[in-house]
Amino acid sequence: MSIADNIRHFEQELAGTNCRLVVVTKTHPVEKLQEAYTAGARLFGENKVQELVAKQPELPADIEWHLIGHLQTNKVKYIAPFVHTIQSIDSLKLLQEIDKQAIKNNRVLNGLLQFHIAEEETKFGLSLSEAEEILQSEAFRALRNVQLTGVMGVATNTDDESQLRREFRELRSYFDLLKSRYFADQLAFREISMGMSADYALAIEEGSTLIRVGSAIFGARNYGTH
Ligand SMILES: *Cc1c(COP(=O)(O)O)cnc(C)c1O
């Protein structure tokens, strides 16, 4: 199946749901991104700042770019002029830097709090208590140009369906709790970013509003030659 076929397949799968597709374009050349764009995709996700900064000017301006990988504070400035949503916020320090750069660029940047839901130690993300500590702080209340729009998580790399469901439900429960405690009056806080190529169908069933899909659209990534 072509990239366009795959995009259409996801469009059909998501029709009538509350969930949107973020096309994960990391490692793929801009020609392939252009193919996805021509087929109708508008939300693109990259995990590295350098790659995102290189590709963005080569593609149409109405793409909504999401950063989905770990972000160092000293790199926020490179993406602040154009990025739509930073999905991988895992510290107050990072939120403050995003706010600072957003103000400099006279923009509001959207962000998701990334939670650690996987078994693996290596995956980044907050615990619920860490997130609440941030949200209750004076420093958080002082932020002006960063808008939190929801939560994000990466599930364990496993085909154990019950474990995946457990992790997705955990993330959803964090969303529900934060929504009711801190964002009850904010319509913008509405995203639960979960589900990738191998587990997106389960994630949609568990309430995902943003699936992040790469290899099911572009085929396997080749990390060796890019
Ligand atoms: C690479 C990546 C994805 C997409 O993975 P696929 O298995 O190719 O769909 C989703 N989320 C994050 C955070 C990623 O780094």
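Counting starts at 1 for both ligands and their atoms, in listed order. Starting from 1, each residue takes its place in the sequence as its number.
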Legend entry - Identity and distance of the protein heavy atom lying nearest atom 7 (O) of ligand 1: Ser215 OG, 3.5 Å
Legend entry - Any N or O of Met196 closer than 3.5 Å to N or O of ligand 1: no
Legend entry - Donor on one side chain, acceptor on other, Glu167 and Thr156, under 3.5 Å: yes
Inset, instruction - Could you list the atoms of ligand 1 found under 4.0 angstrom from a heavy atom of Gly214? - result: 4 (C), 6 (P), 8 (O), 9 (O)
Inset, instruction - Check whether any heavy atom of Arg221 sits under 4.0 Å from an atom of ligand 1. - result: yes
Legend entry - Crowding at CG, Asp5 (>12 non-hydrogen neighbours, <6.0 Å): yes
Inset, instruction - Check each atom of ligand 1 against the heavy atoms of Arg212 and keep those under 4.0 Å away; list them by number with element. - result: 4 (C), 9 (O), 10 (C), 11 (N), 12 (C), 13 (C)
Legend entry - All side chain to side chain contact (heavy atoms under 4.5 Å, CB included) counterparts of Asn47, not counting sequence neighbours: Lys26, Ile68
Legend entry - Salt-bridge contact Arg144-Asp99 (side-chain N to carboxylate O under 4.0 Å): no
Inset, instruction - Pull out every atom of ligand 1 sitting under 4.0 Å from any heavy atom of Val213, numbered as shown with elements. - result: 9 (O)
Legend entry - Nitrogen or oxygen of Asn47 less than 3.5 angstrom from that of ligand 1: no
Inset, instruction - Please check if atom NZ in Lys179 has more than 12 non-hydrogen atoms from other residues, nucleotides or ligands closer than 6.0 Å. - result: yes
Inset, instruction - State, without any angle test, whether Gln87 and Glu191 hold a side-chain donor-acceptor pair at a distance under 3.5 Å. - result: no
Inset, instruction - Kindly state whether the ring of Tyr182 and the ring of Phe189 have centres lying under 6.0 angstrom apart. - result: no
Inset, instruction - List the closest protein heavy-atom neighbour of atom 9 (O) of ligand 1: residue, atom name, distance to the nearest 0.1 Å. - result: Ser197 OG, 2.5 Å
Legend entry - atom 15 (O) of ligand 1: the protein heavy-atom neighbour that sits closest, reported with distance to 0.1 Å: Lys26 NZ, 2.6 Å
Legend entry - Proximity to ligand 1 by part of Gln87, non-hydrogen separation under 4.0 Å: neither
Legend entry - Salt bridge flag under 4.0 Å for residues Lys55 and Glu51: yes
Inset, instruction - May I ask you to identify the nearest protein heavy atom to atom 13 (C) of ligand 1, giving residue, atom name and distance to one decimal place in Å? - result: Ile68 O, 3.6 Å
